[in-house]
Amino acid sequence: MLSISFIRENRDLVLSGLKKKRLKEADALIEEVISLDNKRKKTQKERDDVQFTANSEAKKIGTLIKEGNISQAEGAKKKAGALKSEVQELESLVGDIEEELKLLLYKIPNIPHQKVPEGSSADDNIEIFREGDISFFEDKNLLPHWDLLKKYDLADFDLGNKVTGAGFPFYKGKGAKLQRGLIQFFLDQAEQEGYLEIQPPILINEESGYATGQLPDKEGQMYHLQNENYYLIPTAEVPITNMLRKETVREEEIPLKFCGYTPCFRREAGSWGANVRGLNRLHQFDKVEIVEIHKPEESYEALERMSEYIEGLIRKLELPFRKLLLCGGDISFNAALCYDMEVYSGAQKRWLEVSSVSNFESYQANRMNLKYKDKSGKSHLAHTLNGSGLALPRIVAAILENGQTKEGISIPEVLVDYCGFKTIS
RNA sequence: AGAGAGGUGGCCGAGUGGUUUAAGGCGCACGCCUGGAAAGCGUGUUUACCGAAAGGUAUCGAGGGUUCGAAUCCCUUCCUCUCUGCCA
């Protein structure tokens with residue numbers, strides 16, 4: 001979240017940022033936050049002063065008793081006792097105000113970077129470039145991946161339906177091998193790029209959910225266990241970034257670079273319809289995630305490097321793709337700047353999002369109290385970044401659809417050793 | 001899951017209601033000393049909030065309570081260790 005001091009010191013910047021993000025009633029919200037914070041300061045000052053008096057009285061009593069001055073001590077006790085209820089009242093008032101303030105701050109999204117374009121929806125995103133020839137697919141009569149999955153018996157949605165529910169497919173045979181090959185390929189690539197591989201838990205507690213911003217707002221997007229207060233992770237970003245929660249790292253340790261493969265679980269409540277057939281949108285899917293922790297002055301350069309790394313992955317998979325710069329209305333709540341990578345799906349004739357690379361600046365770091373100590377010993381909030389490198393299902397969809405030949409599906413060269421086959425037939 | 005023992009600063013560790021303003025040690029930083037270093041000596045060393053500053057408030061796993069006063073007593077809860085049980 002944005003810190004209250006940042007909001008106070010950069011009011012106009014914050015307001016114009018929130019408007020770019022299309023937050024409704026930004027003025028009223030910021031107004032409320034600042035006046036509530038003024039109230040907090042005033043009340044806390046009062047409380048501290050009364051507490052100070054009470055503390056000094058209590059100390060005097062100790063001395064009086066030691067000196068054997070019992071009657072004076074009794075009198076002082078009465079006096080101090082009266083202060084006590086006053087402290088308690090102010091204390092609970094401060095607590096209420098702080099709670100209210102925190103809830104308001106949770107409602108305020110991160111403010112977008114200068115580079116983020118104006119816009120209200122995905123239509124206003126800016127295409128930075130596209131690569132690969134999509135006209136190649138134009139007049140070919142290609143089967144969509146859901147037909148191919150059935151034809152070659154690579155995945156079974158009915159079986160998933162039977163055993164779990166919609167959106168939980170079974171992968172079979174070469175379909176399963178393709179999944180495993182992709183995961184291994186992505187992890188190997190990430191390791192070569194200097195990311196430390198992490199295998200995190202796929203359940204997280206409530207505090208972790210708050211830290212990376214899934215809670216309290218997006219509670220409905222996560223699966224929540226019934227008999228423990230744990231959530232299934234929607235992305236490896238959550239457990240991996242939370243490794244650093246409440247940590248202060250030394251400046252020399254930064255940057256930190258992690259990668260990890262996990263299954264991801266998303267309820268996707270209410271989003272099922274025509275455009276979500278097959279692998280386009282699932283409740284459970286596999287993803288390799290990359291996470292970086294940086295000093296503020298280096299985070300944007302790092303974001304570019306992460307983006308280039310992910311572009312390279314897609315290029316190696318020989319898929320046509322485009323890179324988008326998300327506009328203010330489409331960028332996520334937590335992010336300051338975000339690139340989306342979309343691959344072209346030759347049969348659906350659509351672009352499919354396979355990666356989001358974002359800089360959260362200090363928004364998550366402030367929520368989770370992640371700091372670094374500079375050489376002079378001063379602490380600062382770090383910047384957190386992450387990106388998908390990559391999410392599997394839509395990559396699989398594009399590989400299948402785009403690789404169709406009369407002899408079967410030919411898979412990208414780079415995956416042959418990982419999968420153990422060249423074609424699916 | 002049951003029984004027991006614990007959780008104190010960057011680390012170790014003392015502390016069973018009132019100069020605890022958390023002893024002592026280690027580490028770290030700075031200074032003195034030195035030709036330079038070590039040793040020695042001195043000073044400093046959690047975090048957050050309020051304040052221009054002086055200073056104040058909170059913080060001994062977390063949350064409540066008792067008391068004029070809590071690291072210390074009580075309740076709840078989380079975590080760690082040992083033993084037992086169960087288990088891939």
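A, B, ... follow the sequence lines: proteins, then strands. Residue 1 opens every chain. Below, each value reflects all heavy atoms present in this structure, side chains not excepted, and no hydrogens, waters or symmetry copies. Predicted, not measured: the structure shown is a model, and the values here were computed from it.
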Engineer: When you compare G35(B) with U19(B), how far apart are their C1' atoms, in angstrom units rounded to a whole number?
Structural biologist: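 Result for the C1' pair: 47 Å, nearest Å.
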Engineer: What is the minimum heavy-atom distance between C259(A) and L187(A), and which atoms define it?
Structural biologist: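 That closest heavy-atom pairing would be SG-CD2, 4.2 Å.
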Engineer: Taking all heavy atoms of I310(A) and all of G389(A), pick out the closest pair and write down the distance.
Structural biologist: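 Closest heavy-atom pair between I310(A) and G389(A): CG1-CA, 4.5 Å.
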Engineer: To the nearest Å, how far apart are Q51(A) CD and G56(B) P?
Structural biologist: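 Interatomic distance, CD of Q51(A) to P of G56(B): 13 Å.
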Engineer: Using atom P of each nucleotide, how far apart are G56(B) and G64(B) to the nearest Å?
Structural biologist: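 One P to the other, the span is 25 Å.
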Engineer: Is the shortest distance from a Lys or Arg side-chain nitrogen in K45(A) or D49(A) to a carboxylate oxygen in the other one below 4.0 Å?
Structural biologist: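 Looking at D49(A) together with K45(A), the answer is yes, because their closest N to O distance falls below 4.0 Å.
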Engineer: Looking only at heavy atoms, which two atoms of Y171(A) and P169(A) are closest? And how far apart?
Structural biologist: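 Heavy atoms only, the tightest pair is OH-CG, 3.8 Å.
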Engineer: Rounded to whole angstroms, how far apart are CD on E228(A) and P on U77(B)?
Structural biologist: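 Checked: the CD to P distance equals 14 Å.
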Engineer: If the plane angle is over 60° it's perpendicular, under 30° parallel, otherwise tilted; pick one for Y223(A) and H283(A).
Structural biologist: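 Because their plane-to-plane angle is over 60°, the rings of Y223(A) and H283(A) count as perpendicular.
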Engineer: D49(A) CG to U57(B) C1': how many Å, rounded?
Structural biologist: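 Going from D49(A) (CG) to U57(B) (C1'), I get 9 Å.
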Engineer: Below 4.0 angstrom from OP1 or OP2 of C68(B), is there any side-chain N or O of N55(A)?
Structural biologist: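 For C68(B), OP1/OP2 do not have a side-chain N/O of N55(A) under 4.0 Å.
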Engineer: Both distances below 3.5 Å, Watson-Crick or wobble geometry, any strand: find the nucleotide opposite G27(B).
Structural biologist: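 Because both required distances fall under 3.5 Å, G27(B) counts as paired with U45(B).
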Engineer: Between D124(A) (side chain) and S121(A) (backbone), is there a donor-acceptor pair under 3.5 Å?
Structural biologist: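 Yes, the answer is positive, given that a donor and an acceptor are paired below the 3.5 Å cut-off.
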Engineer: Please work out if K79(A) contacts a base, only the sugar-phosphate, or nothing of the nucleic acid, heavy-atom cut-off 4.0 Å.
Structural biologist: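 No contact.
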Engineer: Of the listed nucleotides (G18(B), U57(B), U66(B)), which one gets closest to any side-chain atom of F52(A)?
Structural biologist: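 The answer is U57(B).
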Engineer: Whom does A1(B) pair with, Watson-Crick or G-U wobble, provided both distances fall under 3.5 Å?
Structural biologist: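 The base-pairing partner of A1(B), which may sit in any strand shown, is U84(B).
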Engineer: Sticking with atom C1', work out how far C68(B) lies from A62(B), rounded to a whole angstrom.
Structural biologist: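 About 26 Å, rounded to a whole number of Å.
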Engineer: Once the angle between the rings of Y300(A) and H113(A) is folded into 0 to 90°, is it parallel (under 30°), tilted (30 to 60°) or perpendicular (over 60°)?
Structural biologist: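 Tilted, since the angle between the ring planes falls between 30° and 60°.
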Engineer: In whole Å, what separates the P atom of U45(B) from that of A38(B)?
Structural biologist: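 About 23 Å, rounded to a whole number of Å.
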Engineer: When you compare the protein's N or O atoms with those of nucleotides 45-54 of chain B, which come within less than 3.5 Å of each other, and at what distance?
Structural biologist:
from	atom 1	to	atom 2	distance (Å)
A48(B)	OP1	K371(A)	NZ	2.6
C49(B)	O3'	R40(A)	NH2	2.6
C49(B)	O2'	R40(A)	NH2	3.2
C49(B)	O2'	Q44(A)	OE1	3.0
C49(B)	O2'	Q44(A)	NE2	2.9
C49(B)	O2	Q44(A)	NE2	3.4
C50(B)	OP1	R40(A)	NH2	3.4

Engineer: Nearest-Å distance, CZ (R250(A)) to C1' (C28(B))?
Structural biologist: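 Distance check: R250(A) CZ to C28(B) C1' gives 11 Å.
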Engineer: Between atom CD1 in I97(A) and atom C1' in A58(B), what is the gap in whole Å?
Structural biologist: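 To the nearest whole Å, that distance equals 16 Å.
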Engineer: Partner of U66(B) by Watson-Crick or G-U wobble geometry, both contacts under 3.5 Å, or none?
Structural biologist: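 Pairing partner: none.
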Engineer: Taking any strand in view, what nucleotide pairs with G6(B) in a Watson-Crick or G-U wobble way, both distances under 3.5 Å?
Structural biologist: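 Pairing partner, where one exists within any strand: C79(B).
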Engineer: Can you tell me how far C1' of A58(B) sits from CD of Q88(A), to the nearest Å?
Structural biologist: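 After rounding, the gap between these two atoms is 15 Å.
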Engineer: Go nucleotide by nucleotide along RNA chain B from the 5' end; which of A76(A) and S56(A) gets its closest nucleotide reached first?
Structural biologist: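 Closer to the 5' end of RNA chain B: S56(A).
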Engineer: Mind checking who A39(B) pairs with, Watson-Crick or G-U wobble, both distances under 3.5 Å?
Structural biologist: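 Base partner found: none.
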Engineer: Can you name the one residue among E251(A), E253(A), E252(A) that meets salt bridge (Lys or Arg N to Asp or Glu O under 4.0 Å) with K295(A)?
Structural biologist: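 It is E251(A); the other options fail the test.
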Engineer: Starting at atom CD of E57(A), determine the distance to atom P of U67(B), rounded to an integer number of angstrom.
Structural biologist: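 E57(A) atom CD is separated from U67(B) atom P by 18 Å.
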Engineer: Given the C1' atoms of A22(B) and G13(B), what is the spacing between them in whole Å?
Structural biologist: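 Approximately 12 Å lies between the C1' atom of A22(B) and that of G13(B).
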Engineer: Expressed as a whole number of angstroms, how long is the span from L83(A):CG to C68(B):P?
Structural biologist: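 Taking atom P of C68(B) as the reference, CG of L83(A) is at 12 Å.
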Engineer: Taking atom C1' in both G9(B) and A71(B), compute the distance separating them and give it to the nearest angstrom.
Structural biologist: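 So the two C1' atoms sit 13 Å from each other.
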Engineer: For A22(B), give its Watson-Crick or G-U wobble partner with both distances under 3.5 Å, or none.
Structural biologist: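 When the pairing criteria are applied, nothing turns out to pair with A22(B), so the answer is none.
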Engineer: When the P atoms of C73(B) and U84(B) are compared, how many Å lie between them, rounded to an integer?
Structural biologist: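 Rounded to whole Å, the distance is 31 Å.
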Engineer: With rounding to whole Å, what would you report as the distance between C60(B) and U46(B) at their P atoms?
Structural biologist: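 Nearest-Å result for C60(B) against U46(B) at atom P: 15 Å.
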Engineer: Return the nucleotide paired to U59(B): Watson-Crick means purine N1 to pyrimidine N3 with N6-O4 or O6-N4, wobble means G-U with N1-O2 and O6-N3, both under 3.5 Å.
Structural biologist: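 With both distances under 3.5 Å required, U59(B) matches none.
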Engineer: Can you figure out which of U66(B), U57(B), G69(B) approaches the side chain of A58(A) most closely?
Structural biologist: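 Of the options given, the side chain of A58(A) lies nearest G69(B).
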Engineer: Which atoms form the tightest heavy-atom contact between Y363(A) and I108(A), and what is the distance?
Structural biologist: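 It is OH-O, 2.5 Å.
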Engineer: Which base sits across from U16(B) as a Watson-Crick or G-U pair, both distances under 3.5 Å?
Structural biologist: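 Partner of U16(B): none found under 3.5 Å.
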